[in-house]
Amino acid sequence: MTRTPPTSVTRLRWWRWRRNPLRRHSDVVEAWIVLATWTLVLLVGIVAGVAAALSVDSSFAARRAQVHAVTAVLTDDAARTPSSGGGYDDGRVWATVRWTAADGSVHTDRAKVYPGAPAGSRLTVWTDPANRMVSPPPATAEATLQSALTGVLAAASAGVAVWTGGWAVRTWRMRRRLSEWDEEWKRIGPEWRNYSSGGT
């Protein structure tokens with residue numbers, strides 16, 4: 001008995017875009033849906049990422065413009081050991097500091113300093129336009145990193161949303177096509193069975 005040698009099937013890439021007698025209209029439509037989906041994923045992702053990064057960067061810039069650094073002094077000696085409280089602990093202790101605003105008014109508040117710092121020690125604190133002490137704005141490198149990460153996250157989220165929409169459209173078309181085929185088979189199926197069985 002002679003064995004038929006196996007034949008290798010070469011996968012034809014981009015077959016939906018090439019003219020051939022087996023290509024259906026639905027194949028062309030599906031190809032355009034896939035192309036449009038990936039194009040929109042790229043464009044919408046880039047636009048959303050850049051917009052999010054610029055928005056975060058402008059908010060950091062606005063915050064830096066609203067606060068300013070002033071020199072404050074400790075009013076008393078700082079504690080020598082940090083409190084054993086739970087949560088985040090950077091090794092510093094709370095102490096009362098005093099500073100003079102640009103209008104000459106004197107203000108006091110509590111700030112974190114290194115343990116054992118003597119009274120009269122100078123440190124830099126950040127204040128808002130109302131001369132209230134606030135947390136320092138992020139450094140330029142940190143702000144750039146946060147803006148970039150936000151942009152990447154926004155781009156990925158927007159891209160996934162667009163891809164999901166394209167996948168939903170493609171799935172809807174496939175189900176519609178299967179439904180049309182089912183209706184067509186219900187119409188011609190009995191005639192085909194009669195013909196194949198030799199009936200008239």
Side-chain angles (χ1 to χ4, degrees), residues 33-172:
I33 291 175
V34 172
L35 177 63
T37 298
W38 282 110
T39 302
L40 287 175
V41 165
L42 183 63
L43 293 178
V44 173
I46 290 174
V47 171
V50 171
L54 291 177
S55 176
V56 172
D57 190 59
S58 68
S59 68
F60 284 146
R63 174 167 169 72
R64 285 192 294 268
Q66 291 175 355
V67 299
H68 59 280
V70 296
T71 301
V73 296
L74 270 76
T75 59
D76 299 301
D77 293 342
R80 295 192 175 275
T81 56
S83 60
S84 57
Y88 173 74
D89 185 9
D90 60 0
R92 294 185 296 172
V93 297
W94 288 100
T96 302
V97 297
R98 181 180 65 245
W99 72 91
T100 302
D103 59 3
S105 58
V106 178
H107 303 270
T108 59
D109 205 335
R110 290 177 62 79
K112 276 199 164 186
V113 298
Y114 290 105
S121 298
R122 294 180 176 273
L123 69 155
T124 300
V125 297
W126 292 83
T127 61
D128 62 11
N131 291 316
R132 294 173 299 194
M133 197 166 67
V134 296
S135 59
T140 304
E142 182 184 354
T144 301
L145 177 60
Q146 290 189 25
S147 300
L149 291 176
T150 302
V152 169
L153 181 60
S157 301
V160 168
V162 173
W163 182 87
T164 302
W167 176 83
V169 171
R170 185 180 177 190
T171 302
W172 172 78

Legend entry - Residue pair Arg63 / Ser135, side-chain donor-acceptor N/O under 3.5 Å: yes

Would you compute the distance between atom [atom1] of [X] and atom [atom2] of [Y] and round it to the nearest 0.5 angstrom?
X: Asn131; Y: Asp109; atom1: CG; atom2: CG; value: 11.5 Å
X: Trp172; Y: Ile33; atom1: CH2; atom2: CD1; value: 8.5 Å
X: Phe60; Y: Glu142; atom1: CZ; atom2: CD; value: 7.0 Å
X: Met133; Y: Arg110; atom1: CE; atom2: CZ; value: 9.5 Å
X: Asp76; Y: Thr96; atom1: CG; atom2: OG1; value: 6.0 Å
X: Trp99; Y: Leu123; atom1: CH2; atom2: CG; value: 10.0 Å

State, yes or no, whether a side-chain contact exists between [X] and [Y] at a heavy-atom distance under 4.5 Å.
X: His68; Y: Thr127; answer: yes
X: Val97; Y: Val73; answer: no
X: Leu153; Y: Leu149; answer: no
X: Arg170; Y: Val34; answer: yes
X: Arg98; Y: Val106; answer: yes

Which atom pair, heavy atoms only, marks the closest approach of [X] to [Y]?
X: Lys112; Y: Arg92; answer: O-NH1, 3.6 Å
X: Ala154; Y: Gly49; answer: CB-CA, 4.4 Å
X: Ala52; Y: Gly151; answer: CB-CA, 4.3 Å
X: Thr37; Y: Gly166; answer: OG1-CA, 3.4 Å
X: Pro115; Y: Val93; answer: CA-CG2, 4.0 Å
X: Ala117; Y: Leu74; answer: O-CD2, 3.8 Å

Output yes when a side-chain donor or acceptor of [X] lies under 3.5 Å from a complementary backbone atom of [Y], and no otherwise.
X: Ser105; Y: Ala101; value: no
X: Thr150; Y: Gln146; value: yes
X: Asp77; Y: Ala119; value: yes

